[in-house]
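Chain identifiers are assigned alphabetically (A, B, ...) following the order of the sequence lines, protein sequences preceding nucleic acid strands; residue numbering begins at 1 within each chain.
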Number of protein chains: 4
Amino acid sequence: MTAPHRRNAQARQAILRAALDLCQERGYAGLTIEGVAARAGVGKQTIYRWWPSKGAVVLEAFQDALGPSLDVPLEAGDRLGAVGKNTPGSADLLSHPPVGPVRADLVGATQHDPALAEEFRQQVTGPARAGTLARIRAAQEAGQLRPLDPDLIADAFFGPLWFNLLVMRTPPEDPYVERLVDAVLAGVATTPTR
Amino acid sequence: MTAPHRRNAQARQAILRAALDLCQERGYAGLTIEGVAARAGVGKQTIYRWWPSKGAVVLEAFQDALGPSLDVPLEAGDRLGAVGKNTPGSADLLSHPPVGPVRADLVGATQHDPALAEEFRQQVTGPARAGTLARIRAAQEAGQLRPLDPDLIADAFFGPLWFNLLVMRTPPEDPYVERLVDAVLAGVATTPTR
Amino acid sequence: MTAPHRRNAQARQAILRAALDLCQERGYAGLTIEGVAARAGVGKQTIYRWWPSKGAVVLEAFQDALGPSLDVPLEAGDRLGAVGKNTPGSADLLSHPPVGPVRADLVGATQHDPALAEEFRQQVTGPARAGTLARIRAAQEAGQLRPLDPDLIADAFFGPLWFNLLVMRTPPEDPYVERLVDAVLAGVATTPTR
Amino acid sequence: MTAPHRRNAQARQAILRAALDLCQERGYAGLTIEGVAARAGVGKQTIYRWWPSKGAVVLEAFQDALGPSLDVPLEAGDRLGAVGKNTPGSADLLSHPPVGPVRADLVGATQHDPALAEEFRQQVTGPARAGTLARIRAAQEAGQLRPLDPDLIADAFFGPLWFNLLVMRTPPEDPYVERLVDAVLAGVATTPTR
DNA sequence: CTATAATCGAGACGGTACGTCATGTCTTCTT
DNA sequence: AAGAAGACATGACGTACCGTCTCGATTATAG
């Protein structure tokens, strides 16, 4: 007997689209609920009715736009590569529009918005980390990675990428990423990789 | 013939003090120029006259409060430790108030404020990185670290710390940091450390 | 298809009331949009939405307060009196609070605010002058006033009153007004009145 | 002995000049002490040191610019003309730049600035009225004007002019002024003038 | 013919108000 | 019921001037 939420799908799409566009044009901080409503040709109330905050709108827009492109299937053999080879792809997503800057902006915003932070964790960080951990554990079981804390191994791969993106503000490019993977594997792989 | 900018030191101090206090009380996002002016007993114009943005005020307040406590002297012997042992200290600073949250907030703000980003780089990131690189090069010359790109080595140490702070939002604590240093050294040190 | 401007009547009343009160308390120059908003318990934007300037607010408040009290009916017989006897009443209105000072202030403001001047002409000066001219023409047709330019006759009556109010700053009182009317009638009436 | 006021004449001139210019360019309300100081190349304090208010500056600038051009000598014979013929000249001054608009603005400002009003009376209105009264009394002694209150006669001439300037905002032009003088004289002269 | 003190330009200071923007809530009318 | 539209109270924005207050740097008497 749930209330008959007759939500307008067209409006939803228009709002998410407008939010994503404006976020790229003006940055997350320059984005405004009023602006989104105007651009989407929608009443403000329609936004406030369905989303608790501007962060939630942008986050949903971001997820919607990205779709399932983040799901990298866990391949059977070559488990070590499943970790190492996945990294350049992630780096690519991180470094380039439209995903990169928006995602960085969102992470920035989570620093002073606990609600957004929680949602970001649940919808973005959590799932991604779960997949990574699964790959790492598989590689450990196959004897390819040392039996270290899997979270630590994950951090070793992704930490430097995000660090460069957020703090150094030099989105990591290909050659750097390859050398990074090599160096990290040297520390966490069982077989010397050099 | 230079314009005699006779800046009031008392006002400057009051402003920085108020900014830091309010940033801790309400967070960076909840901080307001009007609020700082009111708390400091100062006209708004006095803030706008000397700082280009709220981020710049907080950054200067942050720097002023921190003072020279960031300068960790480069010790002669034990160069490897000079890198490895420095890391837990940095992690501590990162993780705990007042420095940690404010710094995280500031990094967040740089994601959509290029001017602030530039200043942050020049005043915070740059000097810190320079010190780190010096230590790394010294250790390389002493044959303790492999001849990898020093920036990459630095990223391997600091990336995971910042990643946990900013993205995972779990400020790194002691045991984790030690295990991290061990793992990274395994990848970048010349002598097997295990 | 007209835009459904659903203007809040309560807010409008509160604003006009506050404007009139403050204008008397502090004078037109000391009146502030912020002050009106605060006194009326209203957001500033609500004032800026509906009025183009502080002068316009005060003018409307003035008109609203005065209501239709300015309409002096044109009596049938005694047309000469219709002009002459009307004058003391106008002088009274001019000389005493709340109407007098506010009106003088408004006229003062029109000297450097063309938009306000235009509105003042349309809403205050124009209608009043039209009534006066009607009376004068009637008296001329009845042979009581010389066939001079009716505007000139009107100016002869009202000019000295406003001159005393605005320039000499001695609001005209009864005996003066009577002597004035006598003297003017001596110049413009057909029958010697002395 | 008196304090040695060593006042800089150059600065005074520059200030008055700037004040007059800006008053014509932007109107009295748009004129600013800061603006005058900037235009005159003078420190604000130099203005505040010598004048109590912006009105005082403009008034002095106005007087300075006008100089003695207001003194119309009282001619011996033809005393009636001394009153009547003086009027068109005054009307001219009233109606045309630079004197007219600035003077109207000043009178407007006196409506909400008692201090300025007092100074205006002492320096402008008072002397002018004194001269007018002298002419009127002379004409009365010569039997040319009826023995009415001289102030009333003066008001009859000047009131309509100011009324048109300030309230109707149609600066009186020549033909109107002539007809006005005729009509007024008809009321106040001993000899029928028609 | 210096010395000294008021005046000068410049402009920082604590304030008040400006007019604009966005917030999140609300009401009204339309679909 | 949900939507588009937009008025509303609130509060911060960044700017303009206010009138007061130091700063050196002239600059013209009074010693």
**Prompt:** Rounded to the nearest Å, what distance is computed from the CZ atom of residue R7(C) to the P atom of nucleotide dA5(F)?
**Reply:** 22 Å
**Message:** Is there a side-chain contact between T46(B) and the phosphate of dA12(E), meaning an N or O under 4.0 Å from OP1 or OP2?
**Reply:** no
**Asked** What pairs with D21(A) under side-chain hydrogen bond (donor to acceptor under 3.5 Å, both in side chains), at least two apart in sequence or on another chain?
**Response** R17(A)
**Item:** Between P of dC8(E) and CD1 of I47(D), the distance in whole Å
**Value:** 11 Å
**Prompt:** dC18(F) C1' sits how many Å from W51(D) CH2, rounded?
**Reply:** 18 Å
**Message:** Just the rounded figure in Å: distance from P of dT16(E) to CZ of R26(C).
**Reply:** 13 Å
**Item:** Side chain to side chain, L31(D) and R26(D), heavy atoms closer than 4.5 Å
**Value:** no
**Request:** State whether W50(D) places a side-chain N or O below 4.0 Å from either non-bridging phosphate oxygen (OP1 or OP2) of dC8(E).
**Result:** yes
**Message:** Treating primed atoms plus P, OP1 and OP2 as sugar-phosphate and everything else as base, which nucleotides of nucleotides 20-26 of chain E get B, S or - for protein heavy atoms under 4.0 Å?
**Reply:** BBSBBBB
**Request:** Return the value, rounded to whole Å, for the distance between atom CD of Q13(D) and atom C1' of dC8(E).
**Result:** 17 Å
**Request:** Quickly work out the R12(B) CZ to dA12(E) P distance and round it to whole Å.
**Result:** 16 Å
**Item:** Between P of dG15(E) and CZ of R49(B), the distance in whole Å
**Value:** 14 Å
**Request:** Rounded off to whole Å, could you give me the CZ-to-P distance for the R6(C) and dT28(E) pair?
**Result:** 8 Å
**Item:** salt bridge (Lys or Arg N to Asp or Glu O under 4.0 Å) partners of residues 40-60 of chain A, not counting sequence neighbours, each pair once
**Value:** R12(A)-E60(A), E34(A)-K44(A)
